[in-house]
Amino acid sequence: MVRFDHVGISVPDLDAAITWYRETLNLAAGPVFAVPGTDMRGAMLLHASGWRVELLHRPGALPGLPTGSAPEAAGTLGYGHMCLRVDSPEEVDTEFRRLVAAGAGVRMRPQAAPRAGARMAFVADLYGNLIELIDRH
């Protein structure tokens, strides 16, 4: 059996990213690690429900293509976004407001999702990485 384990995100400031993701998404941070034979450092952050985000920092890394929306991100091959599921349509709005108050950028305000009855929104982390919020009820 294969299961999803984590998403990895390259960041320009590891300490700031750990703080933002830990505080904003309620994640517990493991110890900072170094990747042998490279100048890369990272940290794995864990949510109580089991999903994880791995933050990686490598000095001199270049930024990827900036995207302002999920459709723009889908126009470039590779990573597009990570998605966090909430328990109700109202929670999409609540979490959207909470993330924006914590410094996330607005990419798509809460609205009806393509699937009937669902609600969704998009924000961006401090570095422009897209985070989707969705209710799947």
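Sequence positions, counted from 1, serve as the residue numbers for this chain. Note that the structure is predicted; figures quoted are calculated from it, not measured.
Using a 4.0 Å cut-off between charged side-chain N and carboxylate O, R119 and D93 make a salt bridge.
I134 shares a hydrophobic cluster with M108, M120, F122, L130; the chain of contacts runs through ILVMFWY side chains whose heavy atoms sit under 4.5 Å apart.
Here the side chain of E91 pairs a donor or acceptor atom with the backbone of D87 at under 3.5 angstrom. For R115 (side chain) and R136 (main-chain N/O), a donor-acceptor pair under 3.5 Å exists by modelled atom type.
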Could you walk me through whether V7 and Y79 pass the side chain to side chain contact (heavy atoms under 4.5 Å, CB included) test, one step at a time? CA-CA 10 Å; V7 62; Y79 172 83; 3.8 Å; yes

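A heavy-atom distance below 4.5 Å is not found between the side chains of L55 and W20. V123 has its side chain out of reach of V106: every pair of non-hydrogen atoms, C-beta onward, lies at least 4.5 Å apart. For the pair H47 and L25, the minimum side-chain heavy-atom distance is 4.5 Å or more. With a 4.5 Å cut-off on side-chain heavy atoms, F96 and R109 count as touching. In this structure, I131 and Y21 have side chains that are in contact, with non-hydrogen atoms separated by less than 4.5 Å.
G80 and A73 make their closest contact through O-CB, 3.8 Å (heavy atoms, listed as atom of the first residue, atom of the second, distance). Listed here is the closest heavy atom pair of I18 and A29: CG2-CB, 4.0 Å.
The distance from the CD atom of E95 to the OG atom of S88 is 9.5 Å, given to the nearest 0.5 Å. To the nearest 0.5 Å, atom CG of residue L46 and atom CZ of residue R22 are 13.5 Å apart.
Under the side chain to side chain contact (heavy atoms under 4.5 Å, CB included) criterion, T76 pairs with L65, sequence neighbours left out.
For R85, the CZ atom is loosely surrounded, since the number of other residues' heavy atoms within 6.0 Å does not exceed 12.
Sorted by first and then second residue, the pairs that involve residues 1-14 and meet side chain to side chain donor-acceptor pair (under 3.5 Å), not counting sequence neighbours, are D5-R52, H6-E54.
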